Amino acid sequence: MPEAAAAAPSLADTRATPPGPDTLPARGTVLGFDFGLARIGVASGELETGLASALTTLHAEANDERFAAIARLIAEWRPVALVVGIPTHLDGREHELTARCRRFANQLHGRHALPVFSVDERLSSVAAEAELAEAGRKGWRERKAVLDAAAARILLQTFLDTRRHERP
């Protein structure tokens, strides 16, 4: 059984059920991604504290550039897992980007051999925009520059909160 616990779960293993308490170590960094066609928001979080922070927004459009930037972040932060937001419509139907986000998550898993978890990202960008406005970033241009990273923070915080509530 120890071999099974050491193996990194694939996205398919984690899509149906939230991460259990023994799926991940008690400590370690997790990176969260808010995938978009033009930008990818990135957040970092800590399993021990259960807190997520906006990290950066990747603006590269070419896949090679995007994955090179992600590889640099993974080398720097050394995460124990990755989290990708999966968009759906409010009624739960798949969004135009749902399949692309799942593909992105599968590519992350394949390239980095880390467990990749998915999280429902419905309304994360709306919540991020409201949070930024409340924090004093009144202008759209000022908010737009950090919106994707803020949305990644929200979806990663959702993941960490879910995990914390499920731990014994």
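Note that this is a predicted model, so its numbers are computed, not measured. Just so it is clear, the values below take in all heavy atoms, side chains as well, and ignore hydrogens, waters and symmetry mates. Residue numbers start at 1 and run along the sequence shown.
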Test side-chain contact (heavy atoms from CB on, under 4.5 Å) on L31 and S44 and set out the steps. CA-CA 5 Å; L31 293 181; S44 66; 3.8 Å; yes
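- Across A149 and A54, no two heavy atoms sit closer than the pair O-CB, 3.5 Å.
- Residue T29 holds its OG1 atom at 7.5 Å from CG of L47, rounded to the nearest 0.5 Å.
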Could you go step by step and tell me if L114 and H109 meet the side-chain contact (heavy atoms from CB on, under 4.5 Å) rule? CA-CA 6 Å; L114 289 167; H109 177 69; 5.8 Å; no
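- One distance of note links CG of N106 with SG of C101; it measures 11.5 Å at 0.5 Å rounding.
- For S53, the side-chain hydrogen bond (donor to acceptor under 3.5 Å, both in side chains) criterion is met by no residue, not counting sequence neighbours.
- Under the 3.5 Å distance criterion, the side-chain polar atoms of R66 are matched with a main-chain donor or acceptor of A60.
- Atom CD1 in I86 sits 7.0 Å away from atom OG1 in T98 (nearest 0.5 Å).
- Among pairs with a residue in residues 25-47, those fulfilling ring pair (Phe, Tyr, Trp, His ring centres under 6.0 Å) read F33-F104, F35-F104, at least two apart in sequence or across chains.
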Could you go through the side-chain contact (heavy atoms from CB on, under 4.5 Å) check for V30 and L156 one step at a time? CA-CA 8 Å; V30 179; L156 183 54; 3.7 Å; yes
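- For Q157, the side-chain hydrogen bond (donor to acceptor under 3.5 Å, both in side chains) partners are D161, not counting sequence neighbours.
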Can you give each donor-acceptor pair under 3.5 Å made by side-chain atoms of residues 74-83, sequence neighbours left out, with the distance rounded to 0.1 Å?
none

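- With sequence neighbours excluded, the residues that form a salt bridge (charged side-chain N to carboxylate O under 4.0 Å, His left out) with R27 are E48.
- The side-chain hydrogen bond (donor to acceptor under 3.5 Å, both in side chains) search around E65 returns none, not counting sequence neighbours.
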